[in-house]
Every structure is written in structure tokens, then in C-alpha cells.
Amino acid sequence: MKVKLLTTISFFTYQLSISQTEKLLHGKVISQNLVLKDVEVINKTAQTSTRTNTLGEFTISVKAQDSLIFFAKDYLFTKLKITTKDIENNNLLVNMILKPEELNEVVINQVEFDKVKISADDVADVLISKKAKDLFWNTGVSDNSIREALRISFPLKGKQKKTIEVTDDRLKKLIVAICPPDFFLKNLKIKPEEKELFVEFCNADPKSKTLLEHPNVLATMDFLYAKNEEFKKLETKNIN
């Protein structure tokens, strides 16, 4: 009985030591059976990072329950939570998914319309024609029509130039480049109909401009999680 008890205690002590002590974890990143180099491997919990080599291999210090994020251009980012078994096996295999191709956007910066040109002679011709057809003008008999209405709108000066304001959607593009399609619903618990409102809420924060100037996966993720907390509190206040 004592032997079994000691064995059980030793086992749990071993498991606890693994979960509390950082270990070097080795792994490889692939996509469609091809190795991926220069993939950014981020330990979000420990705030450390590294990159894969030409063979797609990486080594990073982790503990059990640490969250690892894998980010590469043209691929959906992958997030994993490290388990004790992963540390024991010490051979993590990560399969990243290629992003679907997107059509290039066409942005209209400014549209100008030609002015409508009209001379004084043109205005006079219209007035003469109008009066010639006016029964009251020629006979004094009213036909219940509206007369001399042209005085209200002349002279014409043409249409003013119109400018289409282009919305700054750089933050939205950055989020799309970093986050997988189900990130808002799965990770942030934001409903599909609230997604656009949340992105606008984030874009209104001056800190978003800093992210655009210096794009960083870890900083962007932290920003979105922090803004999500503010967004949820704002929703709660509106309900109350």
C-alpha cells in the first residue's frame, strides 16, 4: 500500500514539476506537406518569440497551458495551448492553412462632374417660350397653372464638385491578415452582426494608428483582446 502511495505521489510531483518549469519544445511547421520557413512562433503567455528555420523547425521555451501563436504571411494564424503530453513528446507538428485568394480592391478617391453652362440668352429663350404658352399672359384668363416659376432657380451655376470620402480600412485589412475567419466568434465571443461595429470601435482608438505604423502580431492580438473587454463593458452599460 505504501509503495502504491509513494508511486502516486511521485507521479503527481513529476507532472507538477513539468507544468511549472519551462522546457525547450521542439517542433516543425508545415502546410500541405511542405515545410514553412520564417514562420513567427510566439509564446503569448511568456511574451517570447522565435522563427522557423529553412527546414520549418523551431525551438521555444514553454510550460504546460502556455498559448503558442504561429503567424506567416498568406496563411491563417494558428493558436495552440501546450499540454504536458506535448512537452513530453517534444516533437510538435503544426499544420498551417493557406489563406484564400482575395480580389484586389478598387478605390475611388475623387469624382468630378462637369459644370452645367447656360447663358443669359438661353434663359431668355426659356422665359419667352414659357410666356408664349401661358394662357393668362396672353388673354388674362387663368388656367390654374403656376406662373413665373423660373424666377426661383435662375441663373444656373452648375453642379458643384463632389468628393467621395474614402474610409480608412487599413486596420480592418490588418485584422483580416492576422486573424482566421472564426476568430471574432470563437475567441472574442463577438456575434457576426457586431463585427463591423467592433472594428469601427477599435479604429476610433488612437492606439490603432500605432499598430498600423508598426504592425506586430502579438501587439495586435493584445490590442483586440483589450478592446473587446471595453466593448463588452460598453454593451453592458447600454443594456442597463
Side-chain angles (χ1 to χ4, degrees), residues 29 31 36 38-52 60 62-63 65-82 94 96-113 159-240:
V29 181
S31 179
L36 298 180
D38 294 329
V39 176
E40 192 169 359
V41 184
I42 304 170
N43 186 331
K44 187 176 183 298
T45 307
Q47 299 288 303
T48 57
S49 65
T50 185
R51 288 181 178 270
T52 58
I60 192 169
V62 298
K63 295 186 298 184
Q65 302 303 311
D66 278 3
S67 294
L68 293 189
I69 295 175
F70 299 84
F71 175 77
K73 185 180 179 181
D74 300 327
Y75 291 86
L76 297 176
F77 93 86
T78 302
K79 184 178 180 181
L80 298 176
K81 181 163 285 190
I82 300 303
V94 180
M96 298 191 71
I97 300 174
L98 188 65
K99 287 183 180 179
E101 293 186 4
E102 297 181 356
L103 296 176
N104 294 329
E105 295 183 359
V106 178
V107 179
I108 301 176
N109 293 321
Q110 187 174 9
V111 176
E112 294 185 359
F113 297 91
K159 296 181 180 179
Q160 296 181 352
K161 294 182 180 180
K162 295 184 178 180
T163 301
I164 298 177
E165 296 183 0
V166 180
T167 304
D168 187 357
D169 60 350
R170 291 177 298 164
L171 179 64
K172 182 178 180 180
K173 291 180 179 179
L174 177 63
I175 294 174
V176 170
I178 292 176
C179 304
D182 61 348
F183 173 76
F184 288 91
L185 183 62
K186 185 178 179 181
N187 298 78
L188 300 183
K189 309 301 180 185
I190 290 180
K191 299 176 183 178
E193 59 268 22
E194 297 176 332
K195 181 179 176 181
E196 292 295 332
L197 182 61
F198 175 70
V199 173
E200 292 179 6
F201 179 71
C202 294
N203 197 38
D205 192 323
K207 293 180 181 178
S208 64
K209 305 302 182 289
T210 304
L211 290 176
L212 295 173
E213 293 174 1
H214 307 285
N216 179 278
V217 179
L218 190 57
T220 303
M221 297 296 295
D222 287 340
F223 174 74
L224 290 176
Y225 279 109
K227 296 303 294 182
N228 185 42
E229 293 295 328
E230 296 178 15
F231 189 71
K232 295 297 182 185
K233 290 179 182 178
L234 187 62
E235 283 187 329
T236 303
K237 288 182 179 179
N238 290 336
I239 292 174
N240 295 334

Exercise: identify the closest heavy-atom pair between [X] and [Y]:
X    : Y    : value
L76  : M96  : O-CE, 3.4 Å
L188 : N228 : O-ND2, 3.1 Å
F184 : K195 : CE1-CE, 3.4 Å
C179 : L224 : SG-CD1, 3.8 Å

Run the side-chain hydrogen bond (donor to acceptor under 3.5 Å, both in side chains) test against E229 and tell me which residues pass, sequence neighbours left out.
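So E229 forms no side-chain hydrogen bond (donor to acceptor under 3.5 Å, both in side chains) with any residue.
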
Report, as yes or no, whether the 6.0 Å neighbourhood of atom NZ on K191 holds more than 12 heavy atoms from other residues, nucleotides or ligands.
no

A quick test of your reading: do over 12 heavy atoms of other residues, nucleotides or ligands sit less than 6.0 Å from CG of L197?
yes

Roughly how far, to the nearest 0.5 Å, is the [atom2] atom of [Y] from the [atom1] atom of [X]?
X    : Y    : atom1 : atom2 : answer
K207 : D222 : NZ    : CG    : 11.0 Å
K73  : E40  : NZ    : CD    : 14.0 Å
I175 : T220 : CD1   : OG1   : 8.0 Å
L212 : L174 : CG    : CG    : 6.0 Å
T210 : E213 : OG1   : CD    : 6.0 Å
F223 : L171 : CZ    : CG    : 6.0 Å

Worked verdict on L211 versus N216 for side-chain contact (heavy atoms from CB on, under 4.5 Å):
CA-CA 7 Å; L211 290 176; N216 179 278; 5.7 Å; no

So, [X] side chain and [Y] main chain: donor-acceptor pair closer than 3.5 Å or not?
X    : Y    : result
S49  : V41  : no
K209 : N203 : yes
K44  : K79  : no

Please list every donor-acceptor pair under 3.5 Å in which a side-chain atom of residues 65-72 meets a protein atom from a residue at least two apart or in another chain.
residue : atom : partner : partner atom : Å
D66     : OD2  : N43     : ND2          : 3.1
D66     : OD2  : K63     : N            : 2.9

F183 vs M221, side-chain contact (heavy atoms from CB on, under 4.5 Å): CA-CA, chis, key distance, verdict:
CA-CA 11 Å; F183 173 76; M221 297 296 295; 3.4 Å; yes

Worked check of salt bridge (Lys or Arg N to Asp or Glu O under 4.0 Å) between K233 and E230
CA-CA 5 Å; K233 290 179 182 178; E230 296 178 15; over 6 Å; no

